[in-house]
There are 2 protein chains.
Amino acid sequence: MTVEDKKRGRPQKDKQALSKELIINVAKQMMLNNKKVPSIRAISTALNVDAMALYYYFKNKSVLLEEITTSLISDIYEPTGSDDWESELIELSKSYLTILYKYDGLLKTLLSMSSDSPADVFIGRFSFIVNPLSLEKSQEKAFLDLLVDYLHGFSMALACNSTQALALDDIEPPLALLFQGVVLQKKTVANGCR
Amino acid sequence: MTVEDKKRGRPQKDKQALSKELIINVAKQMMLNNKKVPSIRAISTALNVDAMALYYYFKNKSVLLEEITTSLISDIYEPTGSDDWESELIELSKSYLTILYKYDGLLKTLLSMSSDSPADVFIGRFSFIVNPLSLEKSQEKAFLDLLVDYLHGFSMALACNSTQALALDDIEPPLALLFQGVVLQKKTVANGCR
DNA sequence: TTTTTAATTCTACGATGTAGAATAGTTTTG
DNA sequence: CAAAACTATTCTACATCGTAGAATTAAAAA
């Protein structure tokens, strides 16, 4: 009875607002501001709505987080089609890391999602970029696995090392090593050097 | 007033038990059994002690987790000194992953610890194993960074993919790629192949 | 013997996720 | 047009969590 005293029941048709999109957007904004996953109550407060209202739109919190995660896909770097695959991969990696960094706490959600996750999009774009290398299937898989798990690990390290500032460029030497490995492997096979 | 009704105050000298070590050991065992970080209350119940008793030994839960993490160091593979650095690194990596897998939820703790963490021990043993390669400082760092972050990422993937069984061997192709990169890089420099 | 210190339990608070019911509009149906 | 069904919301309540602070009791020191 302080100031607010919301009326129960379905709201009148005029100014209802509240929708999946609104909830997701507000939650995303809170993640950006507070650098952590907000509580259901915090989101609902920001929306000026009862906490349980969110459960009309999402079965539970983890579904909400999954949908937030899915909605991040559009932020992932879109390869230009240039044949400078190394630069393209670096660009892709950095944009992926930036997302994981900005929306801290979503990595676990992302990894436990079966599909529609930014990881899948990452994989698709990786394949596209790396296609001109015409690597063997198994080689490409090893390359990809090493890369994505590396990025996930790096992103966790970023998130935990609160002392350090974001040092995205730190991925370059390891990536360079990785790329050289792939390149040299191909060249070696090609001209018989050993 | 069910059955138990513990006496308050300092216990008599005879059968006190309770110590840092006991708490840590019980907590570790619970992590192994339940595959997750136990709550303070759960640990104290297992110890048949009030929850707040644990706070006499640890400032807060995260300190307890840090000490658990530190205590895992002894489980990390000790290199034999063999000059087969690739096998040694694989062995080291697998033992590290096994720990991270068995004690799920400790990765975050580990990453935010400033020292005495298994990661530091890992780094030390890595350096030892890789020493005969006499890599340049920056090369060795890139190698290490790529490896540890890869392992951390892989371990997260393991922990999240609850459907799959532990597939430690899946790290071998990526590691092979990584190793080949390092090796070929050296050979190339050595005999001028390009 | 008194005082201090050590080791414990009790009570309680503020988060958190969320189940279940009450409520009040809106839409559909007879 | 009234009744029934559905939709979208608030309210109340619970279990769990970490942990602050005080009370309590035994042991150790003075």
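Reminder, nothing fancy here: chain letters follow the sequence lines and each chain counts from 1.
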Quiz item: Would you call B/Asp75 and B/Lys102 a salt bridge, using N to O less than 4.0 angstrom?
Solution: no
Quiz item: Which whole-number value in Å describes the distance from A/Asn48 CG to D/dT9 C1'?
Solution: 13 Å
Exercise. Please check if B/Ile123 and B/Phe143 belong to a single hydrophobic cluster, counting links between Ile, Leu, Val, Met, Phe, Trp and Tyr side chain heavy atoms closer than 4.5 Å.
Key: yes
Quiz item: Looking at the side chain of B/Lys61, which of D/dC17, C/dT16, C/dT8 is the nearest nucleotide?
Solution: D/dC17
Exercise. Would you mind reading off the distance between A/Met30 atom CE and C/dT16 atom P, rounded to a whole angstrom?
Key: 10 Å
Quiz item: Given the rule in the side-chain hydrogen bond (donor to acceptor under 3.5 Å, both in side chains) test, do A/Ser82 and A/Glu88 qualify, once you have shown the distances and angles that lead to the verdict?
Solution: CA-CA 8 Å; A/Ser82 137; A/Glu88 290 283 78; 4.8 Å; no
Quiz item: Roughly, in whole Å, what's the span from CG in A/Leu54 to P in C/dT18?
Solution: 11 Å
Quiz prompt | Protein-nucleotide distance (B/Ile43, atom CD1; D/dG18, atom C1'), rounded to Å | solution = 12 Å
Practice problem: Determine the contact category for B/Phe58: base if any of its heavy atoms lies under 4.0 Å from a base atom, sugar-phosphate if only primed atoms, P, OP1 or OP2 are that close, otherwise nothing. | Solution: nothing
Quiz item: Checking B/Lys35 against B/Tyr101: charged group under 6.0 Å from the ring centre and within 45 degrees of the axis?
Solution: yes
Practice problem: May I ask you to verify if any side-chain N or O of A/Tyr55 is less than 4.0 angstrom from the OP1 or OP2 atom of D/dT9? | Solution: no
Quiz item: Which nucleotides of nucleotides 21-29 of chain C have their base under 4.0 Å from a protein heavy atom (B), which only their sugar-phosphate (S), and which neither (-), written as one string 5' to 3'?
Solution: -BBBBS---
Quiz item: So, for B/His152 and B/Phe122, is the gap between ring centers shorter than 6.0 Å?
Solution: no
Exercise. For a side-chain hydrogen bond (donor to acceptor under 3.5 Å, both in side chains) with A/Ser71, tell me which candidate from A/Lys28, A/Glu66, A/Lys20 qualifies.
Key: A/Lys28
Exercise. For the side chain of A/Asp50, starting at C-beta, report the closest nucleotide among C/dA12, D/dT10, C/dT16.
Key: D/dT10
Quiz item: Could you state the OH-P distance from B/Tyr57 to C/dA6, rounded to the nearest angstrom?
Solution: 12 Å
Quiz item: Between B/Leu18 (CG) and D/dA27 (P), how many Å, whole number?
Solution: 16 Å
Quiz prompt | Single hit among A/Leu100, A/Leu106, A/Leu107 for side-chain contact (heavy atoms from CB on, under 4.5 Å) with A/Tyr103 | solution = A/Leu106
Quiz prompt | Atom-to-atom span, OH of B/Tyr56 to C1' of D/dG21 - whole angstrom | solution = 17 Å
Quiz item: Are OP1 or OP2 of C/dA15 and a side-chain N or O of A/Ser39 less than 4.0 angstrom apart?
Solution: no
Quiz item: How close or far is atom C1' of D/dT10 from atom CD1 of A/Ile40, stated in whole angstroms?
Solution: 16 Å
Quiz item: Quick one: which of C/dT16, D/dG18, D/dT10 gets closest to the side chain of A/Arg41?
Solution: C/dT16
